[in-house]
Amino acid sequence: MAHNAFYAQSGGVTAVINASACGVIEACRRHPDQIGKVYAGHNGIIGALTEDLIDVSRESDEAVAALRHTPGGAFGSCRYKLKDIETHRAQYERLIEVFRAHDIRYFFYNGGGDSADTCLKVSQLSEKLGYPLTAIHVPKTVDNDLPITDNSPGFGSVAKYIATSTLEASLDIASMCATSTKVFVLEVMGRHAGWIAAAGGLAGQGEGEPPHLIIFPEVAFDRSAVMARVDEAVKKYGYCVIVVSEGARYEDGTFLADSGNTDAFGHRQLGGVAPTLAGMVKQDLGYKYHWAVADYLQRAARHLASRTDVEQAYAVGQKAVELAVAGRNSMMPAIKRTSDAPYAWTIEPAPLAEIANREKFMPAEYISEDGFGITEACRQYLSPLIQGEDFPPFENGLPRVAKLALHRVERKLPAFTL
């Protein structure tokens with residue numbers, strides 16, 4: 001007998017998370033004997049808790065296919081963390097109650113480390129309650145900090161955007177530095193891991209080519225050392241380009257830019273390290289500066305997505321369904337690199353117990369000895385991930401995106417308060 005599937009998006013979206021959604025939905029449609037309808041949670045896991053479900057089965061094949069080239073989260077995402085089962089058991093039981101009411105036996109949760117933890121806990125509770133549920137985590141995060149998988153879908157496109165933006169902005173600064181701006185600071189995402197900042201290093205190939213400094217969360221920030229390096233670059237090359245991670249921190253772990261607030265996942269709210277660093281440059285060196293914050297642009301730039309990233313994002317969504325119908329539970333489809341040159345990869349199942357609540361940081365051998373750049377080993381790792389272009393179709397000069405009907409499913413249960 002065929003049973004229904006539930007798909008939800010979690011956390012910050014990426015340029016290719018909808019490609020994973022496309023992979024999940026199209027793969028489900030190829031298994032009608034095992035999977036009936038596909039439901040999506042409106043605004044992620046909140047949609048399951050509030051029984052706000054979208055009947056994806058009513059979307060046309062053309063609309064689903066268009067998800068592959070559409071950025072954002074087509075069904076709505078959320079930052080909502082389900083905490084430990086002991087103190088928040090009612091929420092987990094509510095999920096099972098909703099799944100039972102709609103005959104949902106397959107759970108596909110598309111997100112990063114926190115969603116991997118949620119997926120694992122839901123799987124464990126369903127087993128305790130005797131409800132047959134197959135839970136598969138679909139990897140996604142621009143931060144590239146998921147363990148086991150070679151890289152995280154979403155990262156390759158951000159890396160391509162940041163490397164390109166660093167190159168293009170550097171040409172701007174270089175052309176004006178004789179009479180104008182001497183220092184340019186680009187702030188990128190990356191709370192604890194400096195993978196995105198490292199991607200900026202791909203813009204330069206040889207001696208003196210920008211970025212002249214990369215500031216990683218993994219390397220303690222030393223103001224005097226940074227300012228000395230900035231001054232040296234300006235005097236030697238006429239200008240200095242800096243790529244800095246939002247998670248840059250001092251030796252004691254304090255972030256350079258910390259608003260004092262936390263998000264729904266309990267993470268410190270960051271942002272503003274670029275103007276903070278630029279202010280130091282002005283105060284200590286007196287150079288004219290400009291700064292920019294890539295912010296949402298870096299994770300929404302589907303027009304500049306890496307073809308490698310798009311293909312991998314679709315593939316993990318497809319593989320998630322294949323694992324589920326094969327009876328594999330509490331798993332995540334992980335990307336395994338089999339060759340650097342030519343770049344080749346496969347997808348293999350990885351246990352969620354080895355992924356949840358773990359982070360992958362920049363290895364020491366990827367950071368240059370002085371702490372301000374990337375090594376050749378890092379370049380060899382990063383370069384294949386930004387290869388290839390996968391342009392969306394354009395119409396009237398703008399990208400054409402998916403237009404979904406988003407039909408709601410009739411509720412069967414009493415309302416639930418979050």
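Values in this document were obtained by computation on a predicted structure and should not be read as measured data. Side-chain atoms are counted along with the backbone in the values below, which use heavy atoms only and exclude waters and symmetry mates. We number each residue from 1, following the sequence as shown.
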If you draw a 6.0 Å radius around [atom1] in [X], do more than 12 non-hydrogen atoms from other residues or ligands fall strictly inside?
X    : atom1 : value
E365 : CD    : yes
Y296 : OH    : no
K121 : NZ    : yes
N396 : CG    : no
M227 : CE    : yes

Has the side chain of S383 got a donor or acceptor atom that lies under 3.5 Å from a matching backbone atom of Q380?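 Not a single qualifying donor-acceptor pair exists.
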
D150 and R337: CA distance, side-chain angles, deciding distance, salt bridge (charged side-chain N to carboxylate O under 4.0 Å, His left out) verdict: CA-CA 6 Å; D150 175 73; R337 183 181 302 217; 3.2 Å; yes

So, do [X] and [Y] sit near enough that their side-chain heavy atoms are less than 4.5 Å apart?
X    : Y    : value
E97  : E51  : no
Y161 : I196 : no
R249 : H192 : yes
T14  : I17  : yes
V142 : M189 : yes

Worked verdict on K319 versus I347 for side chain to side chain contact (heavy atoms under 4.5 Å, CB included): CA-CA 8 Å; K319 185 67 172 182; I347 299 179; 3.6 Å; yes

For residues 323-331, run the donor-acceptor check on the side chains, cut-off 3.5 Å, and write out each pair with its distance to 0.1 Å, sequence neighbours left out.
from	atom 1	to	atom 2	distance (Å)
N329	OD1	A135	N	2.7
N329	ND2	S123	OG	3.3
N329	ND2	L133	O	3.4
S330	OG	S123	OG	2.6

Answer with yes or no whether the side chains of [Y] and [X] bring together a donor and an acceptor at under 3.5 Å.
X    : Y    : result
H42  : R408 : yes
N151 : T149 : no
Y314 : E26  : yes
D370 : S368 : yes
Q124 : Y92  : no
Y287 : D231 : yes
Q9   : N18  : yes

Determine the interplanar angle of the Y366 and W195 rings, folded into 0 to 90°, and report it as parallel if under 30°, tilted if 30 to 60°, perpendicular if over 60°. perpendicular

What I want to find out is whether D309 reaches K160 closely enough, with some N-O distance under 4.0 Å, to be called a salt bridge. no

Salt bridge R30-E322, side-chain N to carboxylate O under 4.0 Å: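 Not counted as a salt bridge, because no side-chain N and carboxylate O are separated by less than 4.0 Å.
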
Which of these passes ring-ring contact (aromatic ring centres under 6.0 Å, His included) with F99: F6, Y106, Y39, Y131?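 One option only clears the test, and that one is F6.
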
Given F221, which partner from the list F255, F372, Y250 fulfils the ring-ring contact (aromatic ring centres under 6.0 Å, His included) test? Y250

Among I136, V138, I45, exactly one meets side-chain contact (heavy atoms from CB on, under 4.5 Å) together with Y109. Which residue is that?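 Between Y109 and the candidates, side-chain contact (heavy atoms from CB on, under 4.5 Å) is satisfied uniquely by I45.
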
Cut-off 3.5 Å, no hydrogens considered: what does the side-chain donor-acceptor table look like for residues 210-219, sequence neighbours left out?
from	atom 1	to	atom 2	distance (Å)
H212	ND1	V241	N	2.9
H212	NE2	G208	O	3.1
E218	OE1	G194	N	3.2
E218	OE2	G194	N	2.8
E218	OE2	M362	N	3.0

Please evaluate residues V244 and L256 with respect to the criterion side chain to side chain contact (heavy atoms under 4.5 Å, CB included), reporting the C-alpha separation (whole Å), side-chain torsions for both, the decisive distance (0.1 Å), and the verdict. CA-CA 11 Å; V244 58; L256 268 69; 5.7 Å; no

Determine, stepwise, if the pair F184 / C240 fulfils side chain to side chain contact (heavy atoms under 4.5 Å, CB included). CA-CA 6 Å; F184 175 70; C240 179; over 6 Å; no

